[in-house]
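Just so it is clear, the values below take in all heavy atoms, side chains as well, and ignore hydrogens, waters and symmetry mates.
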Amino acid sequence: MKRTLPPLNALRAFEAAGRLGSIKKAAEELHVTHGAVSQQVRLLEAWLGATLFERQHRRVVLTPAAAAYLEEIGPLFDQVSRATAKYGIVNPVARTLRVNALATFTLRWLVPRLSGFRDAHAGIDVKLETSNEPLESLEENWDVIIRGGPDTFYGYAMRPFLSEQRIPVCSPARLRRHPLAVPDDLRAHTLLHTSSLPRLWPDWLAKAGVPRLEPAATLTFDHFYLTLQAAVDGAGVAVGPTALAAADLAAGRLVMPFSGPWLPSRSYCAYVPEEKARDERVMLFCAWLEREGAAGSGERSG
């Protein structure tokens, strides 16, 4: 029986535009121009002899018949994608996973573990970029965005994967020079601050019962990873996130002079555009984040 198939490039453009509800987003996903997607959609409309989209300002809306058509052909594209990934050679553009993550988290947690993901999934190329911009301010089309949470953003699925708490940390050498038996002993120390997190020390000192404590000195850095590195180098005492300081604590480069109190902190979450939630690369990466987070979140109670 002879198959009746429309032009496949036109069908692919229609599927992407219909699924995403946007010609622009379809062009970004397919790595072609806006005009190329529009042209392919018009070609399919001519082949079918039917209108597929109603143009409404800056968005496109499927006609009822086109919506029913998309509902049937959409799963077929997923099936072809899975079969190609399993049996075929995935092209370089399709196998690239674009990840945007917070700078300190990337440096101190993600990068040291990333080789494990690459070893397990050699067919996926990770393009990693750091940014501390709020998710809603990002303009590029990312596959996975890692930020604090849990928060809710329209058009995104959210998957928490790493929890932590915070407590003062310092180098063993500093602790030997100036012992810390009780929180009030911090008066003899330099307290390390991060300009983007100004409430860390005030909140911890209040919880520890010494809200008016005046330290010997303070040092302020613009990035959290600089603050933690200064603590490792013996410059002072920082309020350290347990997950991001876990490697230094395990290696003995940092110590926790107090058993508490523990300052609660937001979790790290993977935010995924809803249209990419079924992407196999994204699902593999998020599952890997969850496994790594469960294996060593550094979370404590108290």
Side-chain angles (χ1 to χ4, degrees), residues 101-113 130 132 147-150 160-269 292-302:
L102 296 166
T104 299
F105 167 84
T106 299
L107 180 67
R108 301 190 65 88
W109 194 91
L110 184 56
V111 168
R113 292 167 170 80
T130 63
N132 291 338
R147 292 293 187 271
F161 64 89
L162 180 66
S163 59
E164 65 178 7
Q165 296 185 29
R166 292 168 175 170
I167 196 167
V169 295
C170 64
S171 70
R174 169 165 282 274
L175 194 60
R176 287 193 294 269
R177 292 195 305 270
H178 302 287
L180 287 168
V182 295
D184 195 66
D185 292 337
L186 288 166
R187 296 180 188 279
H189 284 264
T190 297
L191 302 189
L192 305 176
H193 295 261
T194 305
S195 57
S196 59
L197 297 164
R199 293 299 311 169
L200 282 184
W201 269 117
D203 289 349
W204 189 87
L205 292 171
K207 196 169 184 179
V210 286
R212 296 182 178 83
L213 183 139
E214 293 290 337
T218 62
L219 274 174
T220 302
F221 300 89
D222 60 345
H223 288 292
F224 209 171
Y225 59 79
L226 296 176
T227 305
L228 291 176
Q229 186 59 48
V232 170
D233 293 338
V237 185
V239 177
T242 51
L244 304 190
D248 288 317
L249 290 166
R253 293 185 292 269
L254 289 175
V255 294
M256 295 184 295
F258 307 118
S259 59
W262 294 81
L263 197 63
S265 177
R266 286 159 59 83
S267 298
Y268 289 97
C269 302
E292 289 294 318
S297 68
E299 185 178 8
R300 293 280 296 273
S301 61

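- Among residues two or more places apart in sequence or in another chain, the side-chain contact (heavy atoms from CB on, under 4.5 Å) test is passed with Ile167 by Trp204, Met256, Trp262.
- In this structure, His193 has no side chain to side chain donor-acceptor pair (under 3.5 Å) partners at least two apart in sequence or on a different chain.
- Among residue pairs with one or both ends in residues 172-191, those qualifying as ring-ring contact (aromatic ring centres under 6.0 Å, His included) are His178-His189; sequence neighbours excluded.
- In this structure Pro215 satisfies the side-chain contact (heavy atoms from CB on, under 4.5 Å) test together with Leu191, Leu213, Thr218, sequence neighbours excluded.
- Looking only at distances, a side-chain donor or acceptor of Thr104 sits under 3.5 Å from a matching main-chain atom of Tyr225.
- In this structure, Phe105 and Phe161 have perpendicular ring planes: the angle between them is above 60°, well past the 30° mark.
- With sequence neighbours left out, the side-chain contact (heavy atoms from CB on, under 4.5 Å) criterion links Ser196 to Thr194.
- For Arg174, there are no salt bridge (Lys or Arg N to Asp or Glu O under 4.0 Å) partners, not counting sequence neighbours.
- Listed by chain and number, the residues in a side chain to side chain donor-acceptor pair (under 3.5 Å) with Asp185 amount to none (sequence neighbours excluded).
- Residues passing the side chain to side chain donor-acceptor pair (under 3.5 Å) test with Arg176, sequence neighbours excluded: none.
- Remark: Arg187 engages Asp184 in a side chain to side chain donor-acceptor pair (under 3.5 Å) (not counting sequence neighbours).
- Partners of Asp233 by salt bridge (Lys or Arg N to Asp or Glu O under 4.0 Å), not counting sequence neighbours: none found.
- Checked against ring-ring contact (aromatic ring centres under 6.0 Å, His included), Phe224 has no partners two or more places apart in sequence or in another chain.
- Under the side-chain contact (heavy atoms from CB on, under 4.5 Å) criterion, Leu226 pairs with Phe221, Asp222, His223, not counting sequence neighbours.
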